[in-house]
Each structure stands twice: as structure tokens, then as C-alpha cells.
Amino acid sequence: MRFLFASLMLALLTSSVTYAENPADKFDLQFWKLQLPLDENADGKVDEVKVGAIHKYSHPDFFYLDQDGSLVFTAPNKAKTTANSTNTRSELRQMFRGKNTRIGTHDPLNNFALKAHRGAKNFADVGGQLEATLRVLHVANIAKHGDKKPAYSVVVGQIHADKDQEVINKGKGFGWGNEPIKIYYKKWPDHETGSVFWTYERNLERTNPDRTDIAYPVWGNTWDNPDDPGEEGIALGQLFNYNINVHGNIMYLTFRTTDPSQTVKYQIDLSNNVDAYGKVDEKDHPQGYSGDALYFKAGAYNQCSTNDDPAMWYPACAGTGDWATDKANGDYVSVAFRRIQLARSVDPTK
């Protein structure tokens, strides 16, 4: 099987693809909505393209098919962001409801849950799967505080817990809207290659000082290590694949390149506080994410915030807010996907 996958990856990298007008002509986007780093309707909110409109939508700068048929997501360092965030994004958000807007965004029928969730039967699904094959084309390379963890990086896939005040009010420690996984690519400006790693966020309230992201290496280093990853890293433009498979309560992760020997796997139970190395994390929620509604996201979530603040999330990256200027200066992130596929979860032990 691994040699078959390697052949498929090589074929994706080298094949000629017929150009299509809109991303939905080539990619199955019927269960996604799109968030963009724009406010073209001047309503003070980040622009979104709903499921019903995405099949006819493209943007020449931030969401388009390139001549190889890849779906390109681009996000400047400085642009319109979602509420309470200083990070821009061009990113898809999973929408189980499709075009059925009678189902609310926060409704269980628009999200999935873990098997351990007491109301799991009320959700659109128990678990789920996201697979993607992609190349990171560019990461921002100017930061005032380049030593801060998010500098020079982009998130290319994640699971997000739904932020829901009604769930928070129940007082059981859920509903905060944290992320059990974010997949990062980070490349320092003076390095030939970058690193791919993933993070697990402790499922705690925002004001809790123990709420932090635990990083796990895939290729190269994590954001804790500024050393050059060299041949162990992933170059800009190099194809790689990730698979996030949440089955029951377990999140199974598989990362692949065209070289089968570079395959990396992890698994972690999202319904408790045991980390991906099998160690109990006393600072995490003892029930993990078992009381949350969850959904997948994929695209380019720029981590190079232009905000200059003492907190670690603000590296004060360069950016003017004028796209032509920022593009010329390289103050943006860009990612090209050859594949984005949602599916039901599978039991990898069978």
C-alpha cells in the first residue's frame, strides 16, 4: 500500500490537469463555507462565502485554481480578520448542513462529536476524516519578534471546537472553542527547508494560564527549536499529505511525503487528558474534548500577526494592509492544495 500511495503522490505532483474556472469545478466543496481576509461589503465583518454560493466563487488573489489545477489559498499578514483575532485567513470551514440553512451553524447537526459525548447521537456524525495533499508556496519572512513561536508559519489544517456560550454556561468546562489539532508549516527566513508539526491545545478557558498548545514534530522541528531542519525538513513547494481520522474517541494522524520512509503517525484519545506520548497531562481537562461540538478547517491560516504585543502570539510581522504592496514585499502566506477530502471515519485497526 505504501508504494501505491507514493506512486499516487508522484502522479499528483507531475500530472497535467485541465484548467477549470472555479475551485468547485475541480474540488468537492458542497460541505464547506469559505472565510476570506476581506470586507468587500463594508459591514465590519470578515467576508464569508456560503455553501450555496461557493460553487460559483473564486478570488484572483486569495482563492483560485492555478494552472496546475491546485486550489490556492492566500492570506496577507495585515487584512480583515475574524472577531477577537489578529490573524488573517483564507480557509474552509466544514458545514455538515450543506445548503440547509434551517440548521444553525452551532447546531449539533452541523458538527461532529466524539463517541464519549453524552449527546453524540444528536450530532451529524461521530468522528470524521479529513485528508489533504498540498504544497506551501510562501510564508511571511519579516517579523519584529522572530523568536516568538508563531512567526514565519501557517496553519494548513485543523479541528476546531465550536465556541458556544450556552455550553460554557453549563459549567462543565466545554464550549471554549479550542483546537485539538492545528497542523503547522514553519520556515525561518535563513533556512532552506521548513518544519511540519502539529499542536494539541489544552481544553481550558482562555483566561487559564495553563491553556497552551503542545507541539509534536512531524518533519524537522517544532516551533520550540530555531535550528535549521536541513534534510529532515520540508522545502517550500514540496508536496506532502496529512490525514486526520477521528474514530470513536481516538484521533489517528498520518503524515506522508512521496518517500514512504518519511511516513509519520500519531494517535491520541481526545476524550481524556493523556497526551500523544501516553503521559497523563495533569493540567489538561480530564475529559478532553468529550463535551464539545467539532468541525474541520483547511486552507491558509496565517500565524504571522502584525500586532505588536508582549504575548507570545504576536510576532509583529510586517504588513501595510495594501495587498499590492504586501505581495511585493512577501508579507503573506500561500498554500496550494491538490486534494481536500472529507469522509466518514474508519477504524484503522481493522
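Positions are given from 1 along the sequence.
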Participant: Work out which heavy atom in His145 is nearest to a heavy atom in Ala316; give both atom names and the distance.
Facilitator: CD2-CB, 3.8 Å
Participant: Classify the angle between the aromatic ring planes of His138 and Tyr332 as parallel (below 30°), tilted (30 to 60°) or perpendicular (above 60°).
Facilitator: parallel
Participant: In Å and rounded to the nearest 0.5 Å, what is the OH to OH distance from Tyr184 to Tyr301?
Facilitator: 7.5 Å
Participant: Can you confirm whether Asn84 is buried at CG, in the sense that more than 12 heavy atoms of other residues, nucleotides or ligands lie under 6.0 Å from that atom?
Facilitator: no
Participant: Apply salt bridge (Lys or Arg N to Asp or Glu O under 4.0 Å) to Asp281 and list each qualifying residue two or more places apart in sequence or on a separate chain.
Facilitator: Arg202
Participant: Checking Phe73 against Phe63 for the ring-ring contact (aromatic ring centres under 6.0 Å, His included) test, could you report, in this order, the C-alpha distance in whole Å, the side-chain angles of both residues, the deciding distance, and whether it holds?
Facilitator: CA-CA 5 Å; Phe73 299 82; Phe63 181 75; 5.5 Å; yes
Participant: Does any donor atom in the side chain of Thr263 or Arg256 lie under 3.5 Å from an acceptor atom in the other side chain?
Facilitator: no
Participant: Does atom CD (Glu192) have a neighbourhood of more than 12 heavy atoms from anything else shown, all under 6.0 Å?
Facilitator: no
Participant: Please work out whether the ring planes of Phe255 and Tyr242 are parallel, tilted or perpendicular, with thresholds of 30° and 60°.
Facilitator: tilted
Participant: If you count every heavy atom of other residues, nucleotides or ligands that lies below 6.0 Å from Lys327 atom NZ, does the total exceed 12?
Facilitator: no
Participant: I'd like to know if Arg344 pairs up with Asp125 as an ion pair, taking the criterion as any Lys NZ or Arg NE/NH1/NH2 lying under 4.0 Å from an Asp or Glu carboxylate oxygen.
Facilitator: yes
Participant: Pair up each side-chain donor or acceptor in residues 91-98 with any protein partner under 3.5 Å, not counting sequence neighbours, and list the distances.
Facilitator:
| residue | atom | partner | partner atom | Å |
| --- | --- | --- | --- | --- |
| Glu91 | OE1 | Arg89 | NH1 | 2.8 |
| Glu91 | OE1 | Lys297 | NZ | 3.2 |
| Glu91 | OE2 | Gln158 | NE2 | 2.8 |
| Arg93 | NH2 | Asn111 | OD1 | 3.4 |
| Gln94 | OE1 | Phe296 | N | 3.0 |
| Arg97 | NH1 | Ile103 | O | 2.6 |

Participant: With the threshold set at 4.0 Å, does a side-chain nitrogen-carboxylate oxygen contact exist between Asp39 and Lys45?
Facilitator: no
Participant: So, applying side-chain hydrogen bond (donor to acceptor under 3.5 Å, both in side chains) with Asn77, which one of Thr88, Asn302, Thr306 is it?
Facilitator: Asn302
Participant: Just grab all the disulfide (SG to SG under 2.5 Å) pairs involving residues 295-336, residues at least two apart or on different chains.
Facilitator: Cys304-Cys317
Participant: Indicate whether the side chain of Asp269 and that of Asn249 have a donor and an acceptor atom separated by less than 3.5 Å.
Facilitator: no
